[in-house]
Amino acid sequence: MNHSVLEKIRGKVLVSCQGTAENGNPFYLPEHMVLMARAAAAGGCAGFRVNTPPNIKAVRAEFPHMPIIGIYKIVEDGSEVYITPNMAAVEELVSLGCEIIAMDGTNRKNAGGLYAWEFIAEVKKKYPHQCVMADLATLEEARLCAGAGADILATTMVGYTEESREYRTAVNYGLVRRMREEFPERFIIVEGKLWTVEDAQKAFDSGADAVVIGTAITNPMGITRRFVTSVGKQ
């Protein structure tokens with residue numbers, strides 16, 4: 001793997017430029033993602049996390065030299081795994097030149113019958129030079145993904161699996177510290193539930209090499225809902 005991309009983002013903030021029409025978010029078209037990326041880049045971010053080929057193509061055209069964490073969310077029957085869950089999705093992201101491909105790294109089976117971390121091993125075997133990021137939720141999954149060859153361990157799925165549900169609304173900084181202790185040379189990204197500068201700084205202090213901020217920057221609907229449901233009487 002070319003480690004230069006990791007050095008480009010080490011100690012930096014990346015921004016997740018995503019949106020879906022299904023949940024009522026008015027920002028979901030490729031042109032919306034480009035505007036989000038443009039604003040984030042103007043603010044000084046080091047790269048982007050982008051979902052689906054059309055959005056990746058649009059952001060790449062605007063920012064040809066900035067690192068992209070590419071994902072392809074696909075819901076498949078019979079499986080809870082949806083972040084880049086099959087080889088066709090991986091191949092599409094590879095063809096788009098994503099510097100990093102993020103994949104589900106949980107201990108759950110994809111539609112093909114493989115545990116997500118087992119699929120990571122298959123991808124690394126086929127594309128040994130591709131930087132792969134494992135979106136995981138627990139320390140055991142971090143161990144499995146590291147053993148499968150994942151280049152980046154990320155906390156993206158914390159709170160979204162049964163084993164991690166207690167952290168549905170909070171960052172599991174303890175997990176970050178334990179991953180850093182157990183994998184001192186592995187690149188660690190904290191993603192999810194980072195709402196403030198203090199949250200992000202605590203992630204770095206806990207051992208993160210980089211952070212990915214999503215809703216707190218690029219989801220006005222989510223930000224508004226958080227205020228509405230957290231304060232006063234509506």
Side-chain angles (χ1 to χ4, degrees), residues 1-18 37 40-41 43-51 56 59 66-73 83-84 93 98-106 116-117 120 123-124 130-161 164 167 170-218:
M1 188 199 76
N2 184 351
H3 291 273
S4 62
V5 64
L6 299 184
E7 295 313 309
K8 284 184 179 180
I9 65 174
R10 189 181 299 277
K12 304 292 180 61
V13 172
L14 294 90
V15 173
S16 181
C17 300
Q18 297 185 51
C45 79
F48 315 102
R49 178 173 168 121
V50 189
N51 176 37
I56 292 169
V59 173
M66 291 187 70
I68 289 179
I69 300 171
I71 67 172
Y72 197 170
K73 292 182 179 179
I83 299 177
T84 320
L93 297 180
C98 296
E99 287 83 358
I100 300 167
I101 292 177
M103 305 170 56
D104 191 300
T106 62
W117 55 270
I120 287 175
V123 171
K124 287 299 292 184
Q130 175 66 55
C131 185
V132 170
M133 172 169 153
D135 289 341
L136 52 87
T138 68
L139 183 60
E140 178 60 23
E141 290 166 356
R143 292 169 179 153
L144 292 168
C145 290
D151 305 285
I152 301 172
L153 305 177
T155 63
T156 316
M157 293 304 295
V158 171
Y160 296 100
T161 65
S164 64
Y167 291 98
V171 180
N172 187 348
Y173 293 107
L175 172 61
V176 182
R177 289 190 291 270
R178 289 191 292 272
M179 287 198 299
R180 175 51 65 214
E181 291 170 2
E182 192 158 333
F183 306 103
E185 303 302 322
R186 195 77 55 158
F187 201 93
I188 295 172
I189 287 180
V190 172
E191 177 176 4
K193 278 79 76 177
L194 296 172
W195 282 99
T196 68
V197 172
E198 290 75 20
D199 291 340
Q201 185 58 58
K202 188 172 181 179
F204 280 115
D205 293 342
S206 298
D209 292 295
V211 298
V212 174
I213 314 292
T215 298
I217 293 176
T218 57

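Just so we're clear, the structure is a prediction, and the values are computed from it rather than from any experiment. Scope of the values below: all heavy atoms of this structure, side chains included, with no hydrogens, waters or symmetry mates.
Nearest approach of Leu153 to Cys145, heavy atoms of both residues: CD2-CB, 4.1 Å. Considering every non-hydrogen atom in both Ala142 and Met179, the closest pair reads CB-SD, 3.6 Å. Between Ala41 and Phe48, the closest heavy-atom pair is CB-CZ, 4.1 Å. The two atoms that bring Ser16 and Gly214 nearest to each other are CB-CA, 3.7 Å, heavy atoms only. Scanning both residues, Gly105 and Leu136, for their nearest heavy atoms gives O-CB, 4.0 Å. Here the shortest heavy-atom pairing between Ala148 and Trp117 reads CB-O, 3.3 Å.
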Apply side-chain contact (heavy atoms from CB on, under 4.5 Å) to the pair Val211 and Leu194, showing each step before the final yes or no. CA-CA 9 Å; Val211 298; Leu194 296 172; 3.9 Å; yes
Under the side-chain contact (heavy atoms from CB on, under 4.5 Å) rule, what do Asn172 and Arg178 come out as? Steps first, then yes or no, please. CA-CA 10 Å; Asn172 187 348; Arg178 289 191 292 272; 4.2 Å; yes
Take Lys124 and Asp151 through the test side-chain contact (heavy atoms from CB on, under 4.5 Å) and record every step on the way to the result. CA-CA 9 Å; Lys124 287 299 292 184; Asp151 305 285; 2.9 Å; yes
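With hydrogens and angles disregarded, no donor-acceptor distance shorter than 3.5 Å links the side chain of Thr155 to the backbone of Val190. When atom types are taken as modelled, the side chain of Arg186 and the backbone of Ala150 share a donor-acceptor pair closer than 3.5 angstrom. Of the possible polar contacts, none joining the Gln18 side chain to the Thr218 backbone as a donor-acceptor pair under 3.5 Å is found.
Rounded to the nearest 0.5 angstrom, Asp104 CG and Ile83 CD1 are separated by 5.5 Å. To the nearest 0.5 Å, atoms CD1 (Ile101) and OH (Tyr72) are separated by 13.0 Å. Once rounded to the nearest 0.5 Å, the distance linking CD1 of Ile189 with CD1 of Ile152 reads 4.5 Å. Within the model, atoms SG of Cys98 and CZ of Arg49 stand 11.0 Å from one another, a figure rounded to the nearest 0.5 Å. Once rounded to the nearest 0.5 Å, the distance linking CD1 of Ile9 with CD1 of Ile100 reads 4.0 Å. The line from NZ of Lys193 to CG of Asp199 is 11.5 Å long, rounded to the nearest 0.5 Å.
Under 3.5 Å, the side chains of Glu141 and Thr106 contain no donor-acceptor pair of N or O atoms. For Thr138 and Glu140, the side-chain atoms include no donor-acceptor pair closer than 3.5 Å.
The pair Arg10-Glu7 meets the salt-bridge criterion, since a charged nitrogen lies less than 4.0 angstrom from a carboxylate oxygen. Salt-bridge check for Glu99 with Lys8: failed, with every basic side-chain N at 4.0 Å or more from each acidic carboxylate O.
Side-chain contact between Val158 and Val171: absent, with no pair of heavy atoms (C-beta onward) separated by less than 4.5 Å. Using a 4.5 Å cut-off on side-chain heavy atoms (C-beta onward), Leu93 and Gln130 make no contact.
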